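Everything on this sheet refers to the single structure shown next.
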There are 2 protein chains.
Amino acid sequence: MFIYICTEMRMRDEKKEERVRQKALELIVKEGFDGFSMNKLAKAAGVSPGTLYIYYKDKEDLILCLGQEIGKKMTEATFKGFDKEMDLETGLWIQWKNRAEFYLNQPLEMEFYDQLKVSPFKDKMDNSVTIKFSEEMGGFIRNAINKGEALSLTPVVFWSVAFAPLYNLIRFHLDGKSMGGRPYTFSEEHMKDAFKAVLRALKV
Amino acid sequence: MFIYICTEMRMRDEKKEERVRQKALELIVKEGFDGFSMNKLAKAAGVSPGTLYIYYKDKEDLILCLGQEIGKKMTEATFKGFDKEMDLETGLWIQWKNRAEFYLNQPLEMEFYDQLKVSPFKDKMDNSVTIKFSEEMGGFIRNAINKGEALSLTPVVFWSVAFAPLYNLIRFHLDGKSMGGRPYTFSEEHMKDAFKAVLRALKV
DNA sequence: AATAAATGAATGAATGTTCATTTATATTTG
DNA sequence: CAAATATAAATGAACATTCATTCATTTATT
C-alpha cells in the first residue's frame with residue numbers, strides 16, 4: 001500500500017501485513033467473495049478488524065490491492081527471460097513454461113485472480129501493468145509475422161490460439177477435473193503435446 | 001425445481017418464478033455473489049422474501065439450481081445438429097457456431113456460469129448432464145483420430161486446443177476488452193480465422 | 001371448503017466500518 | 001545513558017445496517 005519513512009513513529013508490522021494478505025487469499029479462494037468478510041479475515045489473521053482499515057481503505061480496496069499485486073507478479077513471472085525479438089517457437093515456449101510454472105506453484109494466486117477477473121470487481125481494476133506487457137507481446141507477434149514465421153493473424157486471435165489452450169489445461173488441473181467431471185492431473189507431456197499443436201496452428 | 005400435480009390447490013405463478021430467475025441472474029452478474037442477497041432479489045423481482053423459500057430451499061439452492069439449468073441449456077445448445085460421426089471439420093465448426101451463438105445471445109447466462117465455475121459453488125454442482133455430452137464429445141474425438149483425420153491427442157489436450165481459443169475470444173468480447181485492456185468486439189471473421197488455425201493444429 | 005401459494009413483518013446473526021483508547025517504538029531531552 | 005515525549009500502529013467494543021431465514025396470516029384457485 002504505502003511506504004512510510006520512519007521518523008518518530010512506530011513501525012508497521014510487516015509480518016502482520018503479510019499474514020493479512022495470505023489469509024485473505026486463502027479465505028476468498030475457499031469461501032468465495034460471498035463468504036468472505038472483514039471480521040472473518042481479522043480473526044483468521046490474528047488481527048483486529050480496525051487494523052485492516054489502517055492497511056486498506058475498505059473491503060473493496062483490499063480486494064483490488066490484492067488483485068493488482070498478483071497481476072503484477074503474474075506478468076513479471078510470465079516475461080522472465082522473454083524477449084520480443086526471439087523466434088516464434090522459443091519465445092512462445094518460454095512464455096508457456098513461465099505461465100505454467102507460476103500457475104502451478106501459486107495456485108491460490110491463480111484461483112483468486114480467476115475469481116476476480118469474472119467478478120464485477122474486474123471493471124474497477126487498474127491494468128496499467130498489463131498494458132506494458134501486452135505491448136511487448138504485440139511486438140513479439142508482429143515480429144514473428146514480419147519474419148514470416150507466423151501466419152498473419154490479429155493479435156487477439158493470435159493470443160487466443162497461442163495461450164488459451166494452456167490456460168485451459170491448468171484450469172482443469174486446478175479443478176482436479178476436466179470435461180464431464182473426469183479426474184485430471186496436469187503433466188509436462190500434455191503441455192508439450194498441446195504446445196506442438198498450437199505451434200502448428202500459428203506457424204506459416 | 002418441482003412438478004406439481006394440480007388438484008385442489010392454487011397454481012404456482014410461473015411468471016413470478018421466471019421473474020425471480022431472470023432478476024437473480026441480472027443481480028448476480030451486476031453485483032457478484034458478494035453483492036447479491038435474497039432481500040434484494042425479492043425486491044427486484046417484486047416478490048416477498050418468503051416466496052423465494054417456497055421456490056428454493058435456501059440461497060445456495062437457488063444459485064445451484066440456476067447453475068444447473070443454465071448448464072443444461074448450454075450443453076443442449078452446444079450439441080444441436082451435432083453428430084459424433086461427423087468429420088472433424090464439420091463437427092468442430094458446428095460446435096463453434098453453436099457455442100458462439102449461445103454465448104453471444106445469452107451473455108447473462110455466460111457471465112453467471114463463468115462466475116459460478118470459478119467460485120467455491122463449483123464443487124457442489126451436479127454435472128450429470130455434462131457427463132453424457134462429454135462422452136459424445138469423446139466419441140467424436142476418438143472417431144476423428146481413428147479415421148486418420150486428427151492427430152492422436154488425449155481428449156483433454158484435444159478439447160483444450162479445440163475450444164479454449166473460441167471461449168477466450170468470447171470472454172474478451174463480453175468484457176469489451178482484450179489484452180492490455182484494449183477495446184474488443186467479436187466478429188465472424190475473427191472466429192473463422194481462429195477456427196482455421198485450430199483446425200491446422202488438430203488435423204493430421 | 002380445502003389447499004397450497006404468497007405475503008411481509010420479525011428474528012437473531014453477521015456485516016462493514018468507526019473511534020476512543022492503548023501499545024510500541026523512534027527520537028529528543030535531561 | 002535513561003527518562004520523557006511524540007507519533008503512528010494496533011486494538012476491540014460498539015454502531016447501524018443488512019443478511020438469510022421463519023412463520024403466522026392472508027390470498028387465490030380448484
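Chain A is the first sequence line, chain B the second, and so forth, proteins listed ahead of strands; every chain is numbered from 1. Just so it is clear, the structure is predicted and the values come from calculations on it, not from any experiment. When reading the values below, keep in mind they use all heavy atoms of this one structure, side chains included, and skip hydrogens, waters and symmetry mates.
Of the candidate nucleotides C:dG16, D:dA9, C:dA6, D:dA9 has the atom nearest to the side chain of A:Ile54. Residue A:Tyr53 places its side chain closer to C:dT17 than to any other of C:dT17, D:dT30, D:dA10. Comparing C:dT17, C:dT7, C:dA6 against the side chain of A:Asp58 picks out C:dT17 as the nearest.
Residues B:Phe186 and B:Phe172 place their aromatic rings such that the two centres sit no closer than 6.0 Å.
With hydrogens and angles left out, the side chain of A:Arg10 and the base of D:dA9 share a donor-acceptor pair within 3.5 Å.
Rounded to a whole Å, the CG atom of A:Asp34 is 14 Å from the C1' atom of D:dT18. Taking atom CG on B:Leu62 and atom P on D:dC19, their separation rounds to 15 Å, with Å as the unit. The distance between atom CD of B:Glu60 and atom P of D:dC19, rounded to the nearest whole Å, is 18 Å. Whole-Å rounding puts the A:Glu31 CD to C:dT15 C1' distance at 14 Å. Atoms CZ (B:Arg19) and C1' (C:dA6) sit 12 Å apart, rounded to a whole Å. The CG atom of B:Asp61 sits 14 Å away from the C1' atom of D:dT21 (whole-angstrom rounding). What separates CG of A:Leu52 from C1' of C:dT18 is a distance of 13 Å, to the nearest Å. Taking atom CD on A:Glu18 and atom C1' on D:dA9, their separation rounds to 18 Å, with Å as the unit.
Remark: the backbone N or O of A:Gly180 is not paired with any side-chain donor or acceptor of B:Asn127 at under 3.5 angstrom. In this structure a side-chain-to-backbone donor-acceptor pair under 3.5 Å is missing from A:Thr154 to A:Val157. Side chain of A:Trp96 to backbone of A:Gly91: no donor-acceptor contact under 3.5 angstrom is found. Checked by atom type and distance alone, the side chain of B:Thr78 pairs as donor or acceptor with a backbone atom of B:Met74 at under 3.5 Å.
For the OP1/OP2 pair of C:dA6 and a distance below 4.0 Å, the side-chain nitrogens and oxygens of B:Ser48 include no atom meeting the criterion. Taking only side-chain nitrogens and oxygens, A:Arg12 comes nearer than 4.0 Å to OP1 or OP2 of D:dA9. One finds no side-chain N or O of A:Lys57 lying less than 4.0 angstrom from the OP1 or OP2 phosphate oxygen of C:dG16. Contact check, B:Tyr55 against C:dA6: a side-chain N or O comes under 4.0 Å of OP1 or OP2.
Where A:Gly35 and B:Lys16 meet DNA chain C, the nucleotide closest to each residue was compared, and B:Lys16 sits on the side nearer the 5' end.
B:Glu109 pairs in a salt bridge (Lys or Arg N to Asp or Glu O under 4.0 Å) with only one of the listed residues (B:Lys72, B:Arg21, B:Lys73), which is B:Lys73.
At a threshold of 4.0 Å, the pair B:Lys23-B:Glu26 counts as salt-bridged, since one of the basic side-chain nitrogens sits closer than that to a carboxylate oxygen. A:Lys132 and A:Glu135 are not joined by a salt bridge, as no carboxylate oxygen comes within less than 4.0 angstrom of a charged side-chain nitrogen.
Heavy-atom distances under 4.0 Å link DNA chain D to no residue of residues 115-126 of chain A. A heavy-atom distance below 4.0 Å to DNA chain D is reached by these residues of residues 36-44 of chain B, ordered by number: B:Phe36, B:Ser37, B:Met38, B:Asn39, B:Lys40.
Taking the side chain as every heavy atom from C-beta outward, B:Lys30 and B:Phe36 never approach each other to under 4.5 Å. Residues A:Phe79 and A:Gln95 meet the side-chain proximity criterion, which asks for heavy atoms closer than 4.5 Å.
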